[in-house]
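Following: one structure in structure tokens, then a few remarks.
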Amino acid sequence: MRGRFWPTVRDDPADAEAISHKLSVRAGLVRQLAAGLYTVTPMGLRVIQRVEAIVREEMDAIGAQEVLMPVMHPAEIWEATGRYGLAEQFRLEDRGGRRMVLGMTHEEIITWHAAREIRSYRDLPQSWYQIQTKLRDEPRPKSGMLRVREFTMKDSYSFDADEAGLERSYEAHSRAYTRIFDRAGITWYRVESDVGMMGGSGAHEYMAPSPAGEDVVARSADGGYAANVELAVSVAADPAFGDAPDAPEEFATPGVGAIDELVELTGLPPAALAKSVVVVSDDGPVLAIVRGEHQVHEKKLARIIGPHRAAHPEEIRGWFGADPGSLGPVGVDPGTVRIVADPTLRTGHYVTGANRDGFHLRGVVLDRDFTAEVADIRTVLPGEDAVDGSGPLDLVPVIEIGNIFKLGTKYSEPLGARYLDEDGQEQVIIMGSYGIGPARVAMAAIEQGHDDDGIVWPTGIAPFDVHIVLIGDDDSPQGAYAADLWQSLSDHGLETVLDDRPGLRPGEKFVEADLLGCPIRVTVGKRTLPDGPLEVRIRRTGEVHEVPLDSAEDRILALWRGLAGA
RNA sequence: CGGGACGUGGCGCAGCUUGGUAGCGCACCUGCUUUGGGAGCAGGGGGUCGCGGGUUCAAAUCCCGCCGUCCCGACCA
């Protein structure tokens with residue numbers, strides 16, 4: 001290790017929040033260049049490369065073939081799919097004024113190639129992957145390596161003749177991902193996900209639970225149901241509504257605006273109240289209605305009405321004749337305001353605003369007193385039951401570490417990726433796309449594996465398997481022994497590092513070894529020679545094994561196999 | 001893009017309110033002692049106080065503008 005570039009730090013970086021951010025900097029794995037731009041050190045690179053090695057093995061195992069595409073692309077290809085000009089897209093011109101983009105993903109490029117190379121059903125199926133740089137002008141990079149503007153991604157793309165073929169390719173990737181994330185040693189969930197800007201007909205995300213995560217998964221205890229909250233659904237228990245009056249009844253609610261004030265005034269549970277939220281879409285005002293205990297989920301609503309913003313109070317007064325706090329759907333002209341109600345409103349009767357300041361209506365019934373489009377627009381609440389009967393849902397913050405998309409013909413159609421089938425008929429290729437972020441896998445491992453002393457790596461992706469701490473000079477007897485041990489362990493197939501840095505005190509070496517977090521630490525000092533024992537410490541548990549010198553390699557190898565489950 | 005905070009040797013921070021010779025801890029260099037959990041003593045090097053304007057006899061400090069970084073939100077394959 002002497003002479004190795006391994007810059008550790010004592011203090012947490014001042015601007016770090018996430019544990020993986022603090023520890024990846026302190027353990028000398030990464031260094032920041034600018035917002036969302038990180039350099040990976042030799043030590044950090046070892047971790048990334050181990051993740052990538054697992055990825056390559058498992059991708060190769062399902063017959064995917066590695067390629068490497070440029071990071072810079074002609075703009076026209078992106079224009080063909082309508083994805084030129086996205087806010088996150090870095091754009092530039094070459095010296096000839098030709099418009100270029102830096103790739104945020106590679107659907108366009110791989111499909112452009114497929115369109116030129118695939119001719120016949122005999123050429124299908126294909127799965128091509130690469131591990132390569134992506135650039136995205138994130139509005140807000142954050143949390144160290146978790147959300148960055150430039151990162152390496154494993155992205156693969158499948159090309160099939162039909163939907164059944166896509167299903168096979170999708171399942172093959174799903175199998176590979178299971179093996180990859182299991183081998184990486186992290187806790188992960190496979191969840192239903194939104195197709196987002198990728199488009200297509202179906203998708204799953206691979207999520208590593210962590211407080212630093214930016215996404216939230218709704219999940220039943222046994223994992224029977226698991227979905228991104230962006231599309232998660234649940235069973236909301238109905239309150240005791242009682243009999244509905246024959247028609248809505250107006251009552252005075254002076255000064256009442258918020259739901260909790262209405263709860264206090266009426267004595268009714270929030271679930272018997274209806275919350276009215278006004279937004280403005282490209283096509284005009286929209287009244288979104290959910291029950292009082294729920295929140296409108298912006299993304300779900302956007303899937304129904306498109307991009308939208310919150311309405312200004314003066315706009316609301318114009319449309320409803322009342323201020324926010326007294327709004328409701330009854331009497332609203334559907335020609336002026338589009339009304340979208342959550343399916344929970346289908347049962348029961350509700351208290352809503354009367355569109356008259358200081359008054360509400362009770363006994364409001366959907367389809368009797370007002371009409372609305374009914375669509376799922378609410379966020380699920382923890383404790384609500386899963387729709388598949390697998391029990392109450394928990395809401396878990398997660399890091400997205402991978403995703404798989406059924407793209408269908410979203411890219412092959414505009415880019416002309418077609419083939420001739422057995423009957424000589426031209427058909428559009430059916431595609432899938434599949435991503436993994438190796439650095440995110442590494443950061444998720446840190447989030448999930450650390451203690452007060454530093455990182456506790458899973459055996460699959462630790463920078464080294466064994467960390468030998470030499471106490472003493474390397475020209476001492478123990479120095480010679482440590483060097484021999486390093487050679488011997490390496491010959492046994494263990495990735496081993498020897499800390500033979502001169503001039504450091506033992507305590508410093510121990511502290512830095514703990515910070516780095518390799519699974520096994522071996523201490524070689526003057527206590528070791530001439531008769532042993534050799535101290536072997538397990539990072540995860542802290543347990544210390546004192547092993548005799550004459551069987552040291554075998555014992556260490558056995559301990560390693562036990563840890564690695566091999 | 002909205003809200004907030006911060007920018008002072010490599011790192012972590014104080015100094016700013018009330019303008020007056022830039023400081024502390026760690027790290028670094030030299031020497032001696034020390035050496036199984038971030039050593040001790042002594043000596044030493046290193047900072048246009050983010051950048052640009054302004055006020056003032058005098059600006060790290062007050063004012064204006066800009067840039068950068070982080071956090072919350074919006075956004076996010």
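Atom set for the values below is all heavy atoms of this structure, side chains included, hydrogens, waters and symmetry mates excluded. Note that the structure is predicted; figures quoted are calculated from it, not measured. Below, chain A is the first sequence line, B the second, and so on; all start at residue 1.
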Heavy atoms under 4.0 Å, any strand shown: does [X] hit a base, just sugar-phosphate, or nothing?
X	result
A:Arg521	base
A:Ala16	nothing
A:Arg31	nothing
A:Asp514	base
A:Gly435	nothing
A:Lys142	sugar-phosphate
A:Thr528	base

Give me the distance, rounded to whole Å, that separates [N] from [M] when you measure between the [atom1] atoms they each carry.
N	M	atom1	result
B:G7	B:G12	P	12 Å
B:A58	B:G53	P	15 Å
B:G9	B:C28	C1'	11 Å

Expressed in angstrom and rounded to an integer, what is the separation of A:Arg309 atom CZ from B:C75 atom P?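 Taking CZ of A:Arg309 and P of B:C75, I get 15 Å after rounding.
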Length of the line joining A:Glu508:CD and B:C26:P, which is rounded to integer Å: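 My rounded result for the distance is 13 Å.
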Check the pair A:Glu108, A:Arg83 against salt bridge (charged side-chain N to carboxylate O under 4.0 Å, His left out), reporting the backbone distance first and the verdict last. CA-CA 9 Å; A:Glu108 276 79 359; A:Arg83 293 211 296 182; 2.7 Å; yes
Measure all distances between protein nitrogen or oxygen atoms and nitrogen or oxygen atoms of nucleotides 5-12 of chain B, and list the pairs falling under 3.5 Å.
unit_1, atom_1, unit_2, atom_2, d
B:G12, OP1, A:Ala14, N, 3.3

Nearest-nucleotide comparison on RNA chain B, the residue closer to the 5′ end among A:Phe151 and A:Pro141: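 Nearest-nucleotide comparison on RNA chain B picks A:Pro141.
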A:His21 or A:Arg147: which one's nearest nucleotide on RNA chain B is closer to the 5' end?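 Taking each residue's closest nucleotide, the earlier one in sequence belongs to A:His21.
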[X] side-chain N/O to [N] phosphate OP1/OP2 under 4.0 Å:
X	N	answer
A:Lys299	B:C76	yes
A:Lys526	B:G36	yes
A:Arg140	B:C72	yes
A:Gln32	B:C70	yes

On the six-membered ring of A:Phe90, is A:Arg149 placed so that its NZ or CZ lies under 6.0 angstrom from the centre and within 45° of the ring axis?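 Verdict for A:Phe90: no cation-pi partner in A:Arg149.
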Ring-face cation contact, A:Tyr177 with A:Arg190, 6.0 Å cut, 45° max: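 Here A:Arg190 fails the 6.0 Å and 45° test against A:Tyr177.
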From the options B:U34, B:C71, B:G36, select the nucleotide whose nearest atom is closest to the side chain of A:Ser143.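 The answer is B:C71.
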Among residues 534-550 of chain A, which contact RNA chain B at a heavy-atom distance under 4.0 Å?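 Those residues are A:Glu535, A:Arg537.
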Give me the one residue out of A:Arg175, A:Lys406, A:His204 that meets side-chain hydrogen bond (donor to acceptor under 3.5 Å, both in side chains) with A:Tyr170.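 Exactly one option meets the side-chain hydrogen bond (donor to acceptor under 3.5 Å, both in side chains) with A:Tyr170, and it is A:His204.
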